[in-house]
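In what follows, chains are A, B, ... by sequence order, proteins preceding strands, each numbered from 1.
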There are 2 protein chains.
Amino acid sequence: MPSALETPLSGNLLLRALRVPDRALLEPHLELKPYRRGEVLFEAGVDVSHISFPLGPCVAALVIGLQDGRAVETATVGHEGAIGGVVSQGLLPAFSRAVVQVPGSVLRVEAAVLQQIKQTSPGLRNLMTRYSDCLLAQVLQSVACNASHTIEARCSRWLLSLQDRLGSEVLPITHEVLAELLGVQRSYLTRTLRTLQEQGLIQVRRGRIIIESRPLMEAAACECHGAVKRHFETVLGAVYNASGTLVSLRPVPAEGPPMSQAV
Amino acid sequence: MPSALETPLSGNLLLRALRVPDRALLEPHLELKPYRRGEVLFEAGVDVSHISFPLGPCVAALVIGLQDGRAVETATVGHEGAIGGVVSQGLLPAFSRAVVQVPGSVLRVEAAVLQQIKQTSPGLRNLMTRYSDCLLAQVLQSVACNASHTIEARCSRWLLSLQDRLGSEVLPITHEVLAELLGVQRSYLTRTLRTLQEQGLIQVRRGRIIIESRPLMEAAACECHGAVKRHFETVLGAVYNASGTLVSLRPVPAEGPPMSQAV
DNA sequence: GGCTGTCTGTACACAAGTGCACAGATGCTC
DNA sequence: GAGCATCTGTGCACTTGTGTACAGACAGCC
């Protein structure tokens, strides 16, 4: 199986950013697991047994369930990151649920094993800490965003960030689901999307939304999209191609004395 | 000065939860620093040099500044926690600004020094990891909260969480400031507070809000307040007194073999 | 005790978003 | 290629919250 993982492993940018020896430590413990849309990686309140690195197009969301039955998205994680005990270091009960939004596979490792390996690998430790900080940044920005930006702007932001992760203009999502994630009314979201379509930003199809003009979308979206992206750049050295898609992270540098910082 | 710190140190619940030897490691490096209302602990984009443990009534907020000049609160930190590079482990640029809402003192330590001590103290490491998880939980819940709850509910939640930290019914805050933190219109917040007052939940005074009936407040607030509180209980063993005030955290247990979890 | 700056109360026109209901379109399955 | 479940479009009454403006109240200061 290790040989079969050779290719998949490069489908996650965090794993790809690791140096070869660190990757070698992790590789024997990685398990490939496919997920369908809507599948749950872990439930809120349950101990997180594994940490998962989404591959290729796979995108999951951290979701908070509310008493009235709604379930609002708090963070999106794709092939640029990891999900499950990233901050809690595993083995603490999860506060949120993790749900697959775009189907695909993940590479996962037992939380305890990852902790073990981190002990011996400063590079891995450093990388995971940096990613944690980016995840937090994303969430912090969303708090402010949800408090102050219009649904049109938030919706645009969300679509852009999905495109960043997928690298495709065709975003497989229904109004229903997107409205739930944003915590807004479905009928109003439909109207909003219609407006965006009339302005030539997107095309609306059944079950998918097609980005027509990324520049216009970026103008319609709030600053939050850019702010988070910039933090990914400075902290993880994220690299984006011309069309805004996230293509790689800065490789973890070789160990040196001044590395003690982000242990 | 170490002797002068003897008492202050117990004014922060995280520090108080540490075992004596761990505390001893930290103590010589702690510096007492007073802050006034509105003072900035660190700015967004700047490297965080220190990590601060608020004492007694001191409360700070993580704030995201928006392009239109507004500055919305994303998290509140009082004597139950710490602020500055908690997740990023210091020495990464801060994503948010930290502003003092209720004046008081903090004990602070250089980020690099704290990292150093963590290397040798599993207890401290474990505690900080748990606190990080609680901080994230608080922020995750706020994303969902801001997306779906009314201003009245959010305002009530906020007042309750300040009371938890202060342990007093008199909350020193103006409508102006609270409206900004919640990301809402000042005039509408005044109306909301008026409504709460007419229902006997609070009393409104110039520059302060007095909680009249905590039970009624809890009914008016959204579930988010309770959800975060419960996570603090399970993860940090937070203990609340009859009137809802946070009084202590579970002491860090003695080291044992099964401790490897939250390294 | 009067002045002054800040904070609070309220009014009003308006925009944004909800909640619900139902018609119509689309894609998939058999 | 007909049927069906799901998704999308739209209408309408209503609530929540914005934006702006201004009057009055409070507390601290000299």
State plainly whether the residues B:K229 and B:E233 are in salt-bridge range, i.e. N to O under 4.0 Å. no

For B:T174 and for A:R154, find the nucleotide of DNA chain C with the closest heavy atom, then tell me which residue's nucleotide is more 5'. B:T174

Looking only at the side chain of B:H175 (C-beta and beyond, no hydrogens), which of the listed nucleotides C:dC20, C:dT8, D:dT18 gets closest? C:dT8

Candidates C:dT10, D:dT18, C:dC20 - which lies nearest the side chain of B:R186: C:dT10

Under 4.0 angstrom, heavy atoms only, what part of the nucleic acid is A:S187 near: base, sugar-phosphate, or nothing? base

Worked verdict on A:I173 versus A:W158 for side chain to side chain contact (heavy atoms under 4.5 Å, CB included): CA-CA 11 Å; A:I173 187 129; A:W158 196 95; 3.5 Å; yes

Of the options A:L13, A:L136, A:L14, which is the one that meets A:Y131 in a side chain to side chain contact (heavy atoms under 4.5 Å, CB included)? A:L14

[X] [atom1] - [N] [atom2] separation (whole Å):
| X | N | atom1 | atom2 | result |
| --- | --- | --- | --- | --- |
| B:L182 | D:dT16 | CG | P | 17 Å |
| A:I151 | C:dT18 | CD1 | C1' | 9 Å |
| B:H149 | C:dT18 | NE2 | P | 13 Å |
| B:Y188 | C:dA16 | OH | P | 16 Å |
| A:E152 | C:dT18 | CD | P | 14 Å |
| A:E180 | C:dG17 | CD | C1' | 17 Å |

Are B:R157 and B:S142 linked by a side-chain donor-acceptor pair shorter than 3.5 Å? yes

Would you tell me whether A:T190 and A:R194 have side-chain atoms, one donor and one acceptor, within less than 3.5 Å of each other? no

Please find the pair of heavy atoms, one from [X] and one from [Y], that lie closest to each other, and give the distance.
| X | Y | answer |
| --- | --- | --- |
| A:L216 | A:G200 | CD1-O, 4.3 Å |
| A:T174 | A:G207 | CG2-CA, 4.0 Å |
| A:L166 | A:P172 | CD1-CD, 3.7 Å |
| B:S148 | A:V72 | OG-CG2, 4.0 Å |

Under a 4.0 Å heavy-atom cut-off, which of residues 190-210 of chain A touch DNA chain D? A:T190, A:R191, A:R194, A:R205, A:R206, A:G207

Angle between the end axes of the helix from C:dG1-D:dC30 to C:dC30-D:dG1, five pairs per end, to the nearest 10 degrees? 40°

Please state whether the phosphate of C:dG17, meaning OP1 or OP2, lies under 4.0 angstrom from any side-chain nitrogen or oxygen of A:Q185. no

Both A:I173 and B:R70 contact DNA chain D. Which one's nearest nucleotide lies toward the 5' end? A:I173

